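Values below: every heavy atom of this structure, side chains too, minus hydrogens, waters and symmetry copies. Predicted, not measured: the structure shown is a model, and the values here were computed from it. For this chain, numbers begin at 1 and follow the sequence in order.
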Amino acid sequence: MGKGSAQGESSLGTCQSQNLAAWLMEANKLEIRPFELPALGPKDVKIRMKAVGICGSDVHYYKHMRLADFIVKEPMVIGHECAGVVEEIGNEVTHLAVGDNVALEPGVSCAHCSHCKEGRYNLCDEMKFFATPPIHGSLANFVVHPASLCFKLPENVSLEEGAMCEPLSVGVHACRRAGAGPHTKVLVMGSGPIGLVTLMAAKAFGSPRVVVVDVDENRLKMAQELGAHEVVCVSTRIEDVEKEVLEIQQKMAADVDITFDCAGLEKTMRTALKATRSGGEVCLVGMGHVEMKVPLTAAAAREVDILGVFRYRNTYQLCIDMISSGRINVKPLITHRFGFSQEDVVKAFNVSAMGGSAIKVMFNI
């Protein structure tokens, strides 16, 4: 799936008509280089990429060449939030046609292990996921991908919105896993891109009250614009957890049934465990700290359940339906747009890495 190799510098001048991709060569170094695609299989489609977003994991690889236990050991094509136009179909593909706009689910599972057979394919040990080393990503002119993981977009859903189905899927999966609905009051820790899509997903699932917490007042302003009922600006000091929990509970004006920690830091988990009602749930979505010291015994004594979330499963069609119906509007999240040139790719990743006013940086190819 999308595997290829960088060719030598001498070939670049003669390969401009070939498929080009953004290769992560080393920390803080991206290069537009030729990208050789695999042969089109009978159940595959060739996609002309049109919209690719930058994810926090992409930035982490760009800055550090690793994310948790995933290490970039050789040049890798970056990018996994994507949508494009069908250019060619395999001879066994029947649900797609040349010219269809599609969103691509970026992970290809083995379909044979116990997790896959149970329907929890996001946990597959053999998962091949765009831009997760050693698998190449989708920031390219073309990719080849299984047709079963390409979802046709209705006419009222743009290619940029199709690319946004990937981050939105994280929020949708988290809400499903935690059982968010009309009976649950929700706290969201963190108002970065994943926190904001989790906010929107919780509201779409019917949560009657959603409070969002962050250290950045500008991000909290965006959360309010996207429908947060209340926001709380907090510090980075663990010593402030107790008083901040009181403020959160006052703003919620009810028990916190579910907390989504979309930052994954020691302080945010401490806050989540203390703010959530007895018998409630804390859903760990973010992966900021690999290890953390948190008051588990006190939380266990109150039967606060802790749930883990890893990527998503069976979410894409629901995300497309939610966007198409207007239940979720992802357009305000796209704050910066760039083309697909050497200069644009470097600038886009630096803008995304700086944070600030950048929420979702999108490439238009």
Using side chain to side chain contact (heavy atoms under 4.5 Å, CB included), reason through Val188 and Cys262 one step at a time and then give a plain yes or no. CA-CA 7 Å; Val188 177; Cys262 298; 4.1 Å; yes
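- By the rule that hydrophobic residues join a cluster once side-chain heavy atoms approach within less than 4.5 Å of another member, Phe70 and Val72 end up as members of one cluster.
- Of the charged side-chain nitrogens involved, at least one lies within less than 4.0 Å of a carboxylate oxygen, so that Glu266 and Arg270 count as a salt-bridged pair.
- One N or O on the side chain of Ser169 and one on the backbone of Cys165 form a donor-acceptor pair closer than 3.5 Å.
- Pairing each heavy atom of Leu273 with each of Ala299, the nearest pair is CD2-CB, 3.9 Å.
- Among Pro106, Cys124, Ser109, the one residue that satisfies the side-chain contact (heavy atoms from CB on, under 4.5 Å) test with Phe129 is Pro106.
- Note on Val52 and Val351: same hydrophobic cluster, where clusters join Ile, Leu, Val, Met, Phe, Trp and Tyr whose side-chain heavy atoms are under 4.5 Å apart, directly or indirectly.
- With hydrogens and angles disregarded, a donor-acceptor distance shorter than 3.5 Å links the side chain of Ser325 to the backbone of Asp321.
- In terms of heavy-atom proximity, Gly119 sits nearest to Arg313 at O-CD, 3.2 Å.
- Side chain of Lys50 to main chain of Ile365: a donor-acceptor pair is present (N/O by atom type, distance under 3.5 Å, no hydrogens or angles).
- The pair Glu242-Lys274 meets the salt-bridge criterion, since a charged nitrogen lies less than 4.0 angstrom from a carboxylate oxygen.
- With hydrogens and angles ignored, the 3.5 Å screen pairs no side-chain donor or acceptor of Thr276 with any backbone N or O of Ile258.
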Yes or no on ring-ring contact (aromatic ring centres under 6.0 Å, His included) for His145 and Phe130, after CA distance, side-chain angles and deciding distance? CA-CA 10 Å; His145 204 53; Phe130 278 155; 4.7 Å; yes
For residues 93-103, which side-chain donor-acceptor pairs fall under 3.5 Å, sequence neighbours excluded?
unit_1, atom_1, unit_2, atom_2, d
His95, NE2, Ala147, O, 3.1
Asp100, OD2, Ala97, N, 2.8

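- The hydrophobic clustering, which links ILVMFWY residues whose side-chain heavy atoms are closer than 4.5 Å, places Val256 and Leu284 apart.
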Full working for side chain to side chain donor-acceptor pair (under 3.5 Å) between Tyr312 and Glu166: CA-CA 9 Å; Tyr312 41 79; Glu166 201 283 333; 2.8 Å; yes
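- Remark: side-chain polar atoms of Glu281 are not paired, donor with acceptor, to backbone N or O of Asp305 under 3.5 angstrom.
- The two residues Arg219 and Ala358 have their closest heavy-atom pair at NH2-O, 2.7 Å.
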Could you give me the CA-CA distance, side-chain angles and deciding distance for Glu244 and Lys267, then say whether salt bridge (Lys or Arg N to Asp or Glu O under 4.0 Å) is met? CA-CA 11 Å; Glu244 289 169 357; Lys267 191 198 174 194; 2.6 Å; yes
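- Asp214 and Ser191 get closest at one heavy-atom pair: OD2-N, 2.7 Å.
- With salt bridges taken as basic N to acidic carboxylate O contacts below 4.0 Å, one links Arg337 and Glu160.
- Remark: Asp257 engages Arg277 in a salt bridge, criterion side-chain N to carboxylate O under 4.0 Å.
- Under the 4.0 Å criterion applied to side-chain N and carboxylate O atoms, Arg237 and Asp240 are assigned as salt-bridge partners.
- Heavy atoms of other residues, nucleotides or ligands lying less than 6.0 angstrom from CD of Glu225 number more than 12.
- Under a 4.0 Å N-O distance rule, the pair Glu31/Lys29 qualifies as a salt bridge.
- With rounding to the nearest 0.5 Å, the separation of NZ in Lys360 from CG in Leu333 is 8.5 Å.
- Checking side-chain atoms of Asp58 against main-chain N and O of Ile54 turns up no donor-acceptor pair under 3.5 Å.
- Arg66 places a side-chain N or O within 3.5 Å of a backbone atom of Ala68 that can act as its donor or acceptor partner.
- Within 6.0 Å of CD in Glu92 there are more than 12 heavy atoms belonging to other residues, nucleotides or ligands.
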Mind running side chain to side chain contact (heavy atoms under 4.5 Å, CB included) on Asn364 and Phe338 for me, showing each step along the way? CA-CA 6 Å; Asn364 294 134; Phe338 291 87; over 6 Å; no
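- Closest of all the heavy-atom pairs between Tyr61 and Ile78 is CB-CD1, 4.3 Å.
- In terms of hydrophobic clustering, with Ile, Leu, Val, Met, Phe, Trp and Tyr side chains grouped at heavy-atom distances under 4.5 Å, Met287 and Val285 are assigned to different clusters.
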Phe35 and His136: CA distance, side-chain angles, deciding distance, ring-ring contact (aromatic ring centres under 6.0 Å, His included) verdict: CA-CA 10 Å; Phe35 178 35; His136 291 305; 5.5 Å; yes
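- Gln342 places a side-chain N or O within 3.5 Å of a backbone atom of Leu30 that can act as its donor or acceptor partner.
- Not a single donor-acceptor pair under 3.5 Å links the side chain of His80 to the backbone N or O of Gly137.
- Separation of atoms NZ (Lys203) and SG (Cys175) is listed at 12.0 Å; rounding is to 0.5 Å.
- The distance from the CD atom of Glu105 to the SG atom of Cys82 is 10.5 Å, given to the nearest 0.5 Å.
- Annotation: the span from Lys43 atom NZ to Ser148 atom OG amounts to 8.5 Å, rounded to 0.5 Å.
- For Asp255 against Lys185, the heavy-atom pair with the smallest separation is O-CB, 3.5 Å.
- Note on Val282: it does not cluster hydrophobically with Met252, by side-chain heavy-atom contacts below 4.5 Å among ILVMFWY residues.
- Using a 4.0 Å cut-off between a side-chain N of Lys or Arg and a carboxylate O of Asp or Glu, Lys46 and Glu87 do not qualify as a salt bridge.
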Between Val172 and Leu318, is a side chain to side chain contact (heavy atoms under 4.5 Å, CB included) present by the stated rule, with each step listed? CA-CA 8 Å; Val172 166; Leu318 177 57; 3.8 Å; yes
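- A distance-only check finds no donor-acceptor pair linking the side chain of Tyr62 to the backbone of Glu26 [under 3.5 Å].
- Rounding to the nearest 0.5 Å places CD of Glu74 at 8.5 Å from CH2 of Trp23.
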